[in-house]
Asker: 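Take a look at the following structure, please.
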Amino acid sequence: MTPWEAIAILAAGIGAGGINAVVGSGSLITFPTMVAVGLPPIVANVSNNIGLVPGSLTGALGYRAELTGQRERLIRLGAASIAGSLIGGVLLLFLPADTFNVVVPILIGLACVLVVVQPRLNRWLSARREDPHPHGGPWLWIGVLAAGIYGGYFGAAQGVLLIGLLGSFLDDDLQRVNAAKNVLSLLVNATAAVLFVIVAEVDWRAVALVAAGATIGGFLGAKVGRKLPAPILRGFIVCIGILAIIKLVYG
């Protein structure tokens, strides 16, 4: 890894940590960056997941005030996130590598679409929400489980999925929903990271660079990320995602 490649991964980690704290699509920056500097896709995905855990932690800590009163809710939904992450991580490790190479461009495309349509989707679902359950009810639990599977397998835009689910099923304001999203994303990433450290091939140089950047980015994102113009942020994420698809499909 050249010094310029190391700087690129560190910068991507800072951007991903900030974006994950605010929106939840940071892997659309770090994963393609690691692929671009020559890491195999599965090694890049595993290393990215482990490296983003510290950023998820600082992002969650930055929303401590908004987490007040959500303990019971997060215990219920956290169990779904952990179970889903284990399932997704096992699928990543035991499905053929060719499956990942085929599926991931599709998942990145889906993630980009979700980033674009998230505000409209949330408004549409919220307008049709009736009698919200204080913990979201069984359908939210199942949805969080599915998001955990997605996050354990790949993870890009899992935060977008979680915000959409939580915002649609919970009668709560967006900042508290985002705080809960950060905790659930942390659980997914940390659970998958433990699994990957034990049984997967990891590029520890990339992990260290992403972790350092994501820690800084998560802290900054929690502090000032809410002031960023959302359309510009979404457009940047989508452009990175499109470049990742081109890189994975055409090499």
Side-chain angles (χ1 to χ4, degrees), residues 1-21 24-61 81-82 84-101 103-104 107-108 111 148-159 182 185-221 240 243-244 247-248 251:
M1 186 182 297
T2 69
W4 287 112
E5 289 172 342
I7 291 171
I9 293 176
L10 177 66
I14 294 173
I19 289 170
N20 279 341
S25 309
S27 289
L28 288 180
I29 297 177
T30 45
F31 174 76
T33 301
M34 286 193 279
V35 171
V37 302
L39 271 67
I42 291 183
V43 175
N45 186 48
V46 167
S47 304
N48 175 62
N49 182 287
I50 298 171
L52 286 177
V53 171
S56 298
L57 178 59
T58 55
L61 291 174
S81 289
I82 292 171
S85 180
L86 287 172
I87 295 170
V90 169
L91 289 174
L92 173 68
L93 295 174
F94 290 99
L95 287 177
D98 289 344
T99 302
F100 183 84
N101 294 336
V103 169
V104 163
L107 293 179
I108 293 177
I149 295 173
Y150 175 86
Y153 186 81
F154 181 53
Q158 69 161 318
N182 285 343
S185 295
L186 169 62
L187 291 174
V188 171
N189 290 342
T191 300
V194 171
L195 177 64
F196 295 153
V197 167
I198 295 172
V199 299
E201 180 182 355
V202 179
D203 188 311
W204 289 106
R205 295 171 302 173
V207 169
L209 290 166
V210 170
T215 300
I216 298 169
F219 176 79
L220 294 176
I240 293 292
L243 290 175
K247 173 68 178 178
L248 288 169

Asker: May I have the step-by-step check of side chain to side chain contact (heavy atoms under 4.5 Å, CB included) for V197 and W204, ending in yes or no?
Answerer: CA-CA 10 Å; V197 167; W204 289 106; 3.8 Å; yes
Asker: Once ring pair (Phe, Tyr, Trp, His ring centres under 6.0 Å) is applied, do any residues pair with F100, and if so which ones, sequence neighbours excluded?
Answerer: Y153
Asker: Using distance alone, with no hydrogens and no angle criterion, decide if D203 and S47 have a side-chain donor and acceptor under 3.5 Å apart.
Answerer: no
Asker: Looking at every heavy atom in both V188 and G152, which two are closest together, and how far apart are they?
Answerer: CG1-N, 3.9 Å
Asker: Compare every heavy atom of G15 with every heavy atom of I29, then report the nearest pair and how far apart it is.
Answerer: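 So the minimum-distance heavy-atom pair works out to CD1-C, 4.3 Å.
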Asker: How long is the straight-line distance from CZ of F31 back to CG of L39, given to the nearest 0.5 Å?
Answerer: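 Reported to 0.5 Å precision, the distance equals 9.5 Å.
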Asker: Mind listing the closest non-hydrogen atom pair of R205 and M1 along with its distance?
Answerer: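 Looks like NH1-N, 3.5 Å.
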Asker: Please tell me if the side chains of V46 and L92 come closer than 4.5 Å, counting only heavy atoms from C-beta onward.
Answerer: yes
Asker: Quick check: do L195 and T191 have side-chain heavy atoms less than 4.5 Å from each other?
Answerer: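 Answer no - side chains too far apart.
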Asker: So V202 and V43, do their side chains get closer than 4.5 Å, heavy atoms only?
Answerer: no
Asker: A side-chain contact here means heavy atoms from C-beta on lying under 4.5 Å apart; do F196 and L93 qualify?
Answerer: yes
Asker: Taking the side chain as everything from C-beta on, heavy atoms only, tell me whether I9 gets closer than 4.5 Å to V210.
Answerer: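 Touching, per the 4.5 Å side-chain cut-off.
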Asker: Take I42 and E201 through the side chain to side chain contact (heavy atoms under 4.5 Å, CB included) test and state the conclusion after the steps.
Answerer: CA-CA 9 Å; I42 291 183; E201 180 182 355; over 6 Å; no
Asker: How long is the straight-line distance from CG of L10 back to OG1 of T33, given to the nearest 0.5 Å?
Answerer: 11.0 Å
Asker: Measure across N49 and G151 and return the closest heavy-atom pair with its distance rounded to 0.1 Å.
Answerer: ND2-O, 4.1 Å
Asker: Would you name the heavy atoms of S27 and N20 that are closest together and state the gap between them?
Answerer: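 Closest pair (atom of S27, atom of N20, distance): N-OD1, 4.4 Å.
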Asker: Grab the two heavy atoms, one from S56 and one from N189, that are nearest each other, plus how far apart they are.
Answerer: OG-ND2, 3.1 Å
Asker: Between L187 and S85, is there a side-chain heavy-atom distance shorter than 4.5 Å?
Answerer: no
